[in-house]
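Below is one structure, written out as structure tokens, with a few remarks after it.
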Amino acid sequence: MSLPVSVCFQRFPELSTTSYNVSVPNDVENITVYATAQDKKATITGDGAQKLNVGKNELNVIVTAEDGTTKTYTINVTREEGKNGATDR
């Protein structure tokens, strides 16, 4: 099972929050991060499909401005353990 996560920074130009937390059930093995930069000249890395391990997964989305300055947004995804505490897949 794959879960899309959309973080649109364009709607929040004054956004100062750079860390987000989400928990997903064990059957979610992959996550897709969609990110949109406010400035069309900025570049984004770290978006797209990501495989999740059981436990905490730190996903970094880095926005690089035209002048080379960067801002990192961190999405902490906790994938729950499987039944009986097993670390499924």
Side-chain angles (χ1 to χ4, degrees):
M1 176 190 254
S2 184
L3 179 71
V5 172
S6 180
V7 180
C8 183
F9 304 114
Q10 184 175 16
R11 294 187 184 148
F12 305 100
E14 71 286 349
L15 186 65
S16 60
T17 302
T18 58
S19 182
Y20 302 86
N21 298 301
V22 63
S23 294
V24 297
N26 179 264
D27 63 343
V28 177
E29 299 173 2
N30 299 289
I31 195 165
T32 303
V33 178
Y34 297 96
T36 304
Q38 180 180 1
D39 186 331
K40 292 181 181 182
K41 295 179 182 176
T43 59
I44 296 175
T45 58
D47 58 339
Q50 307 284 333
K51 182 170 174 42
L52 297 176
N53 295 313
V54 172
K56 184 177 177 182
N57 297 266
E58 185 177 288
L59 309 177
N60 290 309
V61 177
I62 302 168
V63 180
T64 304
E66 184 179 23
D67 68 1
T69 58
T70 62
K71 187 164 189 177
T72 301
Y73 297 88
T74 302
I75 305 168
N76 296 303
V77 182
T78 302
R79 181 179 170 203
E80 297 175 357
E81 290 186 1
K83 295 178 183 177
N84 303 320
T87 54
D88 295 349
R89 296 176 218 185

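- Here the straight-line distance linking atom CG of L52 with atom CD of Q50 works out to 8.0 Å at 0.5 Å rounding.
- Heavy-atom minimum distance, G46 versus V33: O-CB, 4.5 Å.
- Of all the heavy atoms in V63 and A37, the pair that sits closest is CG1-CB, 4.4 Å.
- No continuous path of hydrophobic side-chain contacts links I62 to I44 [ILVMFWY only; heavy atoms under 4.5 Å].
- The nearest pair of heavy atoms linking K71 to T18 is CE-CG2, 3.5 Å.
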Handout entry: Audit row: T45, T64, side-chain contact (heavy atoms from CB on, under 4.5 Å) steps and yes/no
Key = CA-CA 8 Å; T45 58; T64 304; 5.7 Å; no
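- R79 places a side-chain N or O within donor-acceptor distance of the main-chain N or O of N26, the cut-off being under 3.5 Å.
- Formation of a donor-acceptor pair under 3.5 Å by the D47 side chain with backbone atoms of Y34 is not found in this model.
- Judged by distance alone, with hydrogens and angles left aside, the side-chain atoms of N57 form a donor-acceptor pair with the main-chain N or O of G55 at under 3.5 Å.
- Here the rule is side-chain contact (heavy atoms from CB on, under 4.5 Å) with L59, and of N76, I31, T74 only I31 fits it.
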